[in-house]
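Encoded as structure tokens, the structure appears first; notes follow it.
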Amino acid sequence: MRVTVLGSGSSVPDPERGQSAFAVETGSRSILIDAGENCTRALKAAGVAWAGVDAVFITHFHNDHLAGLIPLLFATTIYGNRSKPMTLYGPAGLEHYVNTIAQVEGEWLQNPTFEITIKEIDCGDVVAIDRGVTVKAFEVDHKEVSLGYRVSAGGNTVSFSGDTKYCANLVLLAKNADAFFCEKGVADDSDHPNHIHWSEIGKAAAKADAKKLVLTHFGESIDEAAMLAAIQKEFNGKIVVGKDRLAIELP
Ligand SMILES: [Zn+2]
Ligand SMILES: [Zn+2]
């Protein structure tokens, strides 16, 4: 399994960091977790087959997590020379989102050149993408409805928090994960209502016994040393500050 960070940023414009997106390649399948703005370009830049995505999983309907979905479908339709189907997964509302845009953009999205299936999923749903490749959805605490995803294949597991506050499901999501991709959160003294505090990231990773913690979703400038110190007080495993095109190979 190979996981590539396509976008380690958020909606804050950053020349070095694209909006949220990750590619998980399992050998037999290519999966996108979130599809932030310019994720197609990021796939190309990272050397991942941009027209070969089998499934896309959207965590929630904030635009920095799905603004690149329609452009991915458009590029793949027009330039992808593709016939295999693609399935889009996400919380309730995904079908309405795509269909509403299809009403405006017309033929290419109403009758695409390859089969596009939309499946709205709930917390606890397990999706089998292929034999031995599963994705499990966990409801997290950010906006209504927000999902985190746990991808398992070939004996490896990687987890993606999406955006979230601290919640019990975050620990279940990341339980024994080989890599836990978690949003970088906010300082412990921040009263931001929708994002996890730094020490809580460490607490979740420690309780889950995650083997590696990868921080993503960077935006406003922060004191990175203070962030790492706060997390390390709770979690003594490996911590990686995510960046675009970072690839993690799991045996
Ligand atoms: Zn976000
Ligand atoms: Zn969000």
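For this chain, numbers begin at 1 and follow the sequence in order. Here the structure is a predicted model, which is why all the values come from computation and not from measurement. These values consider heavy atoms only, across backbone and side chains, with no hydrogens, waters or symmetry-generated copies. Atoms within a ligand are numbered from 1 in the order they appear, just like the ligands themselves.
- The angle subtended at the Zn ion (ligand 2) by NE2 of His60 and NE2 of His142 is 100°, given to the nearest 10°.
- With salt bridges taken as basic N to acidic carboxylate O contacts below 4.0 Å, none links Asp244 and Arg17.
- Remark: Ser20 OG to His65 NE2 distance equals 4.5 Å, nearest 0.5 Å.
- Within the 2.8 Å limit, Asp64 places no N, O or S atom next to the Zn ion (ligand 2).
- The atom of His65 nearest to the Zn ion (ligand 1) is NE2, with the search restricted to N, O or S atoms.
- When His142, Glu200, Lys165 are each tested for a side-chain contact (heavy atoms from CB on, under 4.5 Å) with His195, only one passes: His142.
- At a threshold of 4.0 Å, the pair Lys184-Glu220 counts as salt-bridged, since one of the basic side-chain nitrogens sits closer than that to a carboxylate oxygen.
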Full working for side-chain contact (heavy atoms from CB on, under 4.5 Å) between Leu215 and Val240: CA-CA 6 Å; Leu215 300 167; Val240 178; over 6 Å; no

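- Residue-level check: among N/O/S atoms of Asp163, OD2 sits closest to the Zn ion (ligand 2).
- Using a cut-off of 2.8 Å, one finds that His62 contributes an N/O/S atom close to the Zn ion (ligand 2).
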